Structures are given as C-alpha cells and as structure tokens.
There are 2 protein chains.
Amino acid sequence: MNRPAGKADPVMFSLLEAARALEHRLESALAEVGLSMAKYGVVSELARAGEPLALSELAARQSCVRSNMTQLIDRLEADGLVRRVDDPTDRRSVRAAITRLGEERAAAGGRAMKRVEEEFAASIPARDRAVLARMLSGVR
Amino acid sequence: MNRPAGKADPVMFSLLEAARALEHRLESALAEVGLSMAKYGVVSELARAGEPLALSELAARQSCVRSNMTQLIDRLEADGLVRRVDDPTDRRSVRAAITRLGEERAAAGGRAMKRVEEEFAASIPARDRAVLARMLSGVR
DNA sequence: GCGGGACGATTCATAGCTGAACAGAGCGCC
DNA sequence: GGCGCTCTGTTCAGCTATGAATCGTCCCGC
C-alpha cells in the first residue's frame with residue numbers, strides 16, 4: 001500500500017487511493033472464504049467456463065503473463081481448488097480443472113464480491129454512476 | 001495485472017481497471033528515469049523533507065509496514081539513491097539520507113509524474129473533475 | 001537502579017506480479 | 001522426412017507487499 005506522495009491532491013491520486021481502498025475491501029471479503037482476488041479470478045473463470053482451461057488461456061483471460069499463472073495454479077492446486085490435467089490432443093498443453101471444493105469457493109467468493117459491489121454502488125449517488133463510468137472509460 | 005473477472009461491467013470494475021491503467025502509465029513514465037512508484041515515493045518524500053528520516057517515519061508516510069521499508073531502502077541504497085545513517089539521539093533508529101543522485105532522480109521523477117498527471121487531467125472534462133473528486137472521496 | 005513493556009529495525013516465510021531464458025512438442029514447408 | 005519456427009509450460013531472478021518473530025534499545029514506574 002504505497003502512496004505516490006504529492007502534497008497537492010489532484011484527482012488522479014484520489015482515483016488511485018479509491019481503487020486501493022476498494023481493492024482492500026474486496027480482498028478482505030474474499031479472505032473470509034479463503035480466497036484472494038487472484039485466486040478468485042481463476043476459480044470463477046473455470047466455474048464459468050464449465051470445462052478445464054489451458055494455463056495460457058487462463059493467463060490471457062486474466063491478462064497476466066503465463067509464468068504468473070503457473071505459480072497461481074501451483075498455489076490453487078496446493079489449496080485443492082484446482083487440478084492439473086493434461087490435454088490429450090496437445091502434449092504441450094496443461095489444463096486446469098476445477099474441483100468440487102473449488103466450485104464451492106468460487107460460489108462463496110461470488111457472493112462476497114456481490115456484497116462489496118452492492119455496498120460500493122450504494123455509496124455512489126445513482127444518477128452519478130453513469131457519469132463516473134463514462135469518465136473512467138476514458139482512462140486507458 | 002489481474003482482472004477480477006465478471007461478465008457484467010459494473011462501475012466498480014471500471015474504477016479498478018482505470019486505476020490499473022493509470023498506475024501502469026505512471027510506472028512506465030518513472031521507469032524512464034530509473035524509478036518505480038515505490039522508490040519514487042521514498043526519494044520524493046526525502047527530498048521534500050530536506051533531512052534524513054527514520055525508516056518507521058517513512059513507512060508511516062507511505063502507509064506501508066516497516067519491514068517493507070527496510071527492503072525498499074536496501075534496494076535504494078544499492079541504487080545509490082539513499083544512504084543509511086544512524087540517529088545519534090536514538091540508537092534504535094536508522095535514518096535514510098538522500099544522496100545527490102537521489103535528489104536528481106527525485107526531480108526527474110517529479111517531472112515524469114507531472115507529465116502523466118497533466119495528461120490524465122486533460123482526459124477528464126474540466127467541469128467533471130470536481131464531481132469525480134467528490135464521488136471518489138466517498139470510497140473509503 | 002532496574003524490570004518490563006513499548007518501540008525500532010531486521011529477518012523470514014509467503015503471496016503476487018513481471019520478464020528472460022529454457023525445454024519439449026507441434027507444425028509448415030521444402 | 002527433417003529443419004526450423006512457433007507455442008506451451010516451467011524455472012529463475014527480481015520487485016513489492018504483508019505479517020510474525022526476533023533482537024536491541026528506550027524509558028516509565030516502582
């Protein structure tokens with residue numbers, strides 16, 4: 001949690017800080033069901049897909065590098081939420097299959113996320129929401 | 001760069017993504033002068049303070065834990081941007097003193113930050129800026 | 001004066017992320 | 001059929017962050 005440090009408080013830093021606060025709330029909510037954002041991202045993706053996905057496919061969907069997914073799957077496998085299965089059609093490929101426990105956690109994580117999301121939405125005046133979305137979409 | 005993954009696109013995720021994009025731009029700009037956000041935070045803080053600061057003081061100002069500051073200062077010291085000096089009035093305390101090179105980098109980093117900041121400000125319609133700031137300040 | 005709690009920095013284990021380098025497998029083209 | 005390019009996952013080194021545990025120092029209250 002590192003602050004950019006600037007005496008003034010331009011909107012840019014407010015945005016960064018708000019995002020940090022939000023992220024912290026999400027991590028906390030997920031921690032209660034034994035997940036992190038990174039782990040939730042994978043199990044929810046797998047639950048949604050309904051079939052084992054190749055690690056590179058997962059990396060692409062989570063927009064991270066493959067080496068990161070290797071390690072993330074290592075940890076998820078250690079947690080028993082995911083299992084590595086090999087692809088019979090391509091011996092290079094390794095697919096991640098979600099376990100029963102993984103599915104349960106994904107569902108619980110989804111509920112936790114939804115809770116925070118609703119809490120967040122409630123903190124933004126309804127008619128401002130569209131304006132906010134429009135402004136934020138300009139930041140790329 | 002891990003996406004929370006949700007098929008819908010509630011404002012919350014836009015906010016997180018916008019912040020990520022922004023952070024990436026800041027990191028890139030700072031990388032050109034050999035800094036990261038974490039490092040810039042420290043050297044700019046030291047430059048502003050005008051005197052060596054205790055590591056715990058720095059940690060407090062950057063809102064991170066002390067052990068993180070220990071390592072950050074290790075790297076900054078290796079880079080030659082900072083020097084550890086001991087506090088004659090308290091033998092527990094270790095202060096970080098900025099070097100000449102550190103000051104130069106802090107200045108260059110400040111210019112880089114300012115560039116991005118202005119670029120960002122330009123992407124938000126002027127009359128929306130206050131609205132955005134108000135909304136974001138509600139996220140705590 | 002001194003014993004014990006508070007405080008400062010460090011170390012260690014862990015998590016998450018990146019990019020470079022590598023090995024093995026697939027595949028197109030001659 | 002075999003050469004080379006491409007793709008896959010992994011490993012490794014490095015950065016940033018946290019929290020627990022440790023060690024030395026400080027200082028309050030007795």
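Here is how names work: the chains are called A, B, and so on, in the same order as the sequence lines, proteins then strands, and each is numbered from 1. Since this is a predicted model, take the numbers as computed values, not measurements.
The nearest whole Å value for the distance from the CE atom in B:Met37 to the P atom in D:dT16 is 11 Å. Between the CG atom of B:Leu35 and the P atom of D:dC15 there is a distance of 13 Å, given to the nearest Å. Residue A:Leu72 contributes atom CG, which lies 6 Å from atom P of C:dC17 at whole-angstrom precision. Distance CG (B:Asp87) to P (C:dC7): 17 Å, rounded to an integer number of Å. Spacing between atom CG of A:Leu58 and atom C1' of D:dG9 amounts to 13 Å, rounded to whole angstrom units. Across the protein-nucleic acid pair, B:Ile73 atom CD1 and C:dT10 atom P stand 9 Å apart, rounded to whole Å. Atom NE2 of A:His24 is separated from atom P of C:dA15 by 17 Å (rounded to the nearest Å). The distance between atom CZ of A:Arg66 and atom P of D:dC12, rounded to the nearest whole Å, is 17 Å.
Listed nucleotides: C:dT18, C:dA9, C:dA25. Nearest to the side chain of A:Asp90: C:dA25. Among the nucleotides D:dG19, C:dA9, D:dT16, the one closest to any side-chain atom of B:Val65 is D:dG19.
Positionally, the nearest nucleotide of DNA chain D for A:Leu53 lies more toward the 5' end than for the other of B:Glu27 and A:Leu53. Heavy-atom distances to DNA chain C give each of B:Ser93 and A:Asp79 a nearest nucleotide, and the one nearer the 5′ end belongs to B:Ser93.
Across all strands shown, A:Ser67 has heavy atoms under 4.0 Å from base atoms, whether or not it also approaches the sugar-phosphate. Here A:Ser56 lies in heavy-atom contact (under 4.0 Å) with sugar-phosphate atoms only. When heavy atoms are screened at a 4.0 angstrom cut-off, B:Arg84 is found touching the sugar-phosphate backbone but no base atom. The residue B:Arg91 sits close only to the backbone: its heavy atoms come under 4.0 Å of sugar-phosphate atoms, none of a base.
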Inset, instruction - Using a 3.5 Å limit on both pairing distances, list the dot-bracket string of DNA chain D from the 5' end; Watson-Crick and G-U wobble pairs count, crossing pairs take [ ], interstrand pairs take |. - result: ||||||||||||||||||||||||||||||

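Looking at B:Leu81 and B:Ile98, their side chains never come closer than 4.5 Å, going by heavy atoms from C-beta outward. A 4.5 Å side-chain heavy-atom check between A:Arg48 and A:Arg61 finds every atom pair outside the cut-off.
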Legend entry - Intermediate values then yes/no, salt bridge (charged side-chain N to carboxylate O under 4.0 Å, His left out), A:Asp79 and A:Lys39: CA-CA 10 Å; A:Asp79 290 350; A:Lys39 289 179 178 179; 2.7 Å; yes

Legend entry - salt bridge (charged side-chain N to carboxylate O under 4.0 Å, His left out) between A:Lys114 and A:Glu117, intermediate numbers included: CA-CA 5 Å; A:Lys114 197 173 163 218; A:Glu117 155 67 22; over 6 Å; no

Legend entry - side-chain contact (heavy atoms from CB on, under 4.5 Å) between A:Glu119 and A:Arg25, worked out: CA-CA 10 Å; A:Glu119 200 181 301; A:Arg25 292 220 306 245; 3.6 Å; yes

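Side-chain N/O atoms of B:Asn68 include none lying less than 4.0 angstrom from OP1 or OP2 on D:dT16.
The pair B:Arg84-B:Asp74 meets the salt-bridge criterion, with a side-chain N (NZ, NE, NH1 or NH2) lying under 4.0 Å from an Asp/Glu carboxylate O.
For A:Thr70 against D:dG9, a side-chain-to-base donor-acceptor contact under 3.5 Å is absent. Interface remark: the B:Arg92 side chain does form a donor-acceptor pair with the C:dC7 base, using a distance-only criterion of under 3.5 Å.
In this view, B:Arg83 satisfies the salt bridge (charged side-chain N to carboxylate O under 4.0 Å, His left out) rule with no residue, not counting sequence neighbours.
When the side chains of ILVMFWY residues are joined at heavy-atom separations under 4.5 Å, either directly or via intervening members, B:Val85 and B:Leu101 end up in two distinct hydrophobic clusters.
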